[in-house]
Amino acid sequence: MATLAASSCLLSCLLVLFLSSVSAVTDDDKQVYIVYMGSLSSRADYTPTSDHMSILQEVTGESSIEGRLVRSYKRSFNGFAARLSESEREKVAKMVGVVSVFPNKKLQLQTTTSWDFMGLKEGKRTKRNPTVESDTIIGVIDSGITPESQSFADKGFGPPPKKWKGVCSGGENFTCNNKLIGARDYTSEGSRDTEGHGTHTASTAAGNAVVDASFFGIGNGTIRGGVPASRVAAYKVCTATGCSSEALLSAFDDAIADGVDLITISIGDKTASMFENDPIAIGAFHAMSKGILTVNSAGNSGPKPISVSGVAPWILTVAASTTNRGFVTKVVLGNGKTLVGKSVNAYDMKGKEYPLVYGKSAASSACDPESAGLCEPSCLDESRVKGKILVCGGPGGLKIFESVGAIGLIYQTPKPDVAFIHPLPAAGLLTEDFESLLSYLESADSPHATVLKTEAIFNRTSPVIASFSSRGPNTIAVDILKPDITAPGVEILAAYSPDGEPSQHDTRHVKYSVLSGTSMSCPHVAGVAAYVKTFYPKWSPSMIQSAIMTTAWPVNATGTGIASTEFAYGAGHVDPIAASNPGLVYELDKADHIAFLCGMNYTSHVLKVISGETVTCSEEKEILPRNLNYPSMSAKLSGSGTTFTVTFNRTLTNVGTPNSAYTSKVVAGHGSKLDVKIMPSVLSFKAVNEKQSFMVTVTGSDLDPEVPSSANLIWSDGTHNVRSPIVIYTSDY
């Protein structure tokens, strides 16, 4: 079972893939189920909690339902979570007014330079709308928050916005202020963050500017969020054992009613779920209906294909990529040779050399040499390792170094693009350097080395998609490209909880830490979305999402196969300044999403599950999923060896200047050549908010079965470049 604590381990132990199985929450023969009942009744005499209790009494035959009712959803939608047996679940599912019943699951928690890297400079170097920014409330659904952190101090802040309807119920010794204006706890632990994850994500999105922040001197500088003048409301749904879906839905229920302007949620499953069984999709749909954009992390199961989660089109799904800064840790061998490794090493060996021992050379009688070379548990003889720097063929040494008395660790890393914090002097080497180390071990009479303290380097010129970032294609809505966008998510320095561990088995306590994951890229995009909203407070979620996607930087692909295509980065890398002036946007509303779901052949029952309303699909109402007015265009075909023609219908809204004309241009992308025609090829707008429609016709043949084929449509008026990726593919890879 993936956990928040496992997230820290993930970041320290290179276990970037959340491989634990999702499990139900059980209690003897009963388990927690979510009973979803759609929209709230408009009857004046209707009391949701009383109705929920009556249902449970009727189903269980018990007059007292103490211990049965776990949670009531009663502010933004209707439903409850309860402990039920299988037979009781079946009875509830058949009751009038019950839309769906699904099991509670444990979901997973998926900087000093990152905002500068994206062009959102500090202070007066960036255009801002401070009055509106101060009225903007970001809801953070995560592991809680550290209220004492300087990132959330309220110096200079006035009272909370009048629209705020939330509370500060953080528990014992927890105080909100005019920056951190609200906190709710759904874990019975209090809203205080004991893991660090929630504090990190909240400060990345909306934290104050804090000077001279670092992780023991590493990455020293000023940390801040994208919208430092905005307010924060924290909703704690995660503990060290994970994030339950029943708590998550409660957080959405409250956040929507509390009056947040935007929701950032760095939580998800290992793979995508059907919308009707996805609590984030359900909660985000209700948020979208009330004008609230939900930004969600894509997941950390890459580079494996079809691993992206959060795939509903009403969610802005974020991949992770590098910035222009990276952390390296050098290993100096006894022969004077220097090897460059990856880690965030704050330990200073002061240049002293220690003996090296390869795990294979320290094998115990319980293991074969190959397992010992990987430093697997119970495979090493402590007497041969104690007081030495342990060398391992993989990250297994991170689990056993303490038990065998190693003073340092050098290992071959499977993740060459990410540096993690470790609880001892350590460095991960790429294959070539690791082989050089093994050659030195074999040739030297008394091999020694020292591990230097980590240093920052600024030699990256363009972002690279992180190896761990989950990839498409979308398996639920196959004609919707996911992820949508990428943002900085590698080696991000931000606020942290002193109660959390920087890495597993780590006894240090810090106020700032370096983490990697789509959990870190998600709040970057949430900060950008909030920044855009400060200039256009009345824009709908789809308009903000479109502005972010169509102004993204093109990403230079690296690697091979689909891992280096739009299935890795969507529309490209977020550009905050360009997103605040997109020129044109693709608009969507609730009715459009329902028409899209009708086009996916969802039944009226399932549509009610997702939307909370009774919906009847008709030919007039439904649209082909690929014709949803989405900022990207994607189509999955049934075969690769035939000639094909695919059309996309889209409508653009002018949010730039009146009397403007946009000319279309198509730029080739990956895979097989596509012939793309735009009709009309020029769009003329006389007024702001005017809409113009167009059709994209894509023809081709003999598609490459290994990678998607793509192109980019760019509408330009000479000032704005409104870019949409077009992706055609044939298989799930």
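Quick note: residue numbers are just sequence positions, from 1.
Remark: the backbone N or O of S371 is not paired with any side-chain donor or acceptor of E376 at under 3.5 angstrom. Side-chain atoms of S469 do not come within 3.5 Å of backbone N or O of A319 as any donor-acceptor pair. In this structure a side-chain-to-backbone donor-acceptor pair under 3.5 Å is present from S364 to S378. The closest donor-acceptor contact from the side chain of S710 to the backbone of H670 lies under 3.5 Å. Within the 3.5 Å criterion, the main-chain N or O of H524 finds no donor-acceptor partner in the side chain of T204. The main-chain N or O of F420 is never found under 3.5 Å from a side-chain atom of S516 such that the two would form a donor-acceptor pair.
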Starting from the C-alpha separation in whole Å, work towards a yes-or-no answer on side-chain contact (heavy atoms from CB on, under 4.5 Å) for Y496 and F215.
-> CA-CA 10 Å; Y496 201 70; F215 180 76; over 6 Å; no
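In this structure, the salt bridge (charged side-chain N to carboxylate O under 4.0 Å, His left out) partners of D506, at least two apart in sequence or on a different chain, are R508. Residues forming a salt bridge (charged side-chain N to carboxylate O under 4.0 Å, His left out) with E148 (at least two apart in sequence, or on another chain): R192. When the side chain to side chain contact (heavy atoms under 4.5 Å, CB included) test is applied to S273, the partners found at least two apart in sequence or on another chain are K105, D269, D278. For the side chain to side chain contact (heavy atoms under 4.5 Å, CB included) test, residues two or more places apart in sequence or in another chain that qualify with V332 are T338, T450, L452. With sequence neighbours excluded, no residue forms a disulfide (SG to SG under 2.5 Å) with C522. Partners of T271 under the side chain to side chain contact (heavy atoms under 4.5 Å, CB included) rule, at least two apart in sequence or in another chain, do not exist in this structure. With sequence neighbours left out, E402 forms a side chain to side chain contact (heavy atoms under 4.5 Å, CB included) with H505.
Of all the heavy atoms in K482 and N474, the pair that sits closest is CG-ND2, 3.7 Å. In terms of heavy atoms, A495 sits closest to S149 at CB-OG, 3.7 Å. When all heavy atoms are compared, the tightest approach of T222 to A209 is CG2-CB, 4.0 Å. Here the closest heavy-atom approach between residue P473 and residue V308 is recorded as O-CG1, 4.2 Å.
Sorted by first then second residue, the salt bridge (charged side-chain N to carboxylate O under 4.0 Å, His left out) pairs that include residues 378-391, not counting sequence neighbours, are D381-R384. Sequence neighbours left out, the pairs with a member in residues 338-370 that pass disulfide (SG to SG under 2.5 Å) are C367-C379. Annotation: disulfide (SG to SG under 2.5 Å) contacts involving residues 321-360, sequence neighbours excluded, are absent.
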Which donor-acceptor pairs under 3.5 Å do the side chains of residues 435-446 make with protein atoms, sequence neighbours left out?
unit_1 : atom_1 : unit_2 : atom_2 : d
S436   : OG     : K337   : NZ     : 3.4
S436   : OG     : E432   : O      : 3.2
S439   : OG     : E435   : O      : 3.0
Y440   : OH     : G334   : N      : 3.2
Y440   : OH     : H448   : N      : 3.1
Y440   : OH     : H448   : O      : 3.2
S443   : OG     : S439   : O      : 3.0
S443   : OG     : Y440   : O      : 3.3
S446   : OG     : H448   : ND1    : 3.4

Let me check something: any side-chain donor-acceptor pairs from residues 349-361 under 3.5 Å, sequence neighbours excluded? List them with distances.
none

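Ring pair Y235/Y186 is parallel by interplanar angle, where below 30° counts as parallel and above 60° as perpendicular.
Using a 3.5 Å distance cut-off with no hydrogens or angles, the side chains of N104 and S245 do pair a donor with an acceptor.
Between D116 and R224 a salt bridge is recorded (basic side-chain N to carboxylate O distance below 4.0 Å).
Within 6.0 Å of CD in E189 there are more than 12 heavy atoms belonging to other residues, nucleotides or ligands.
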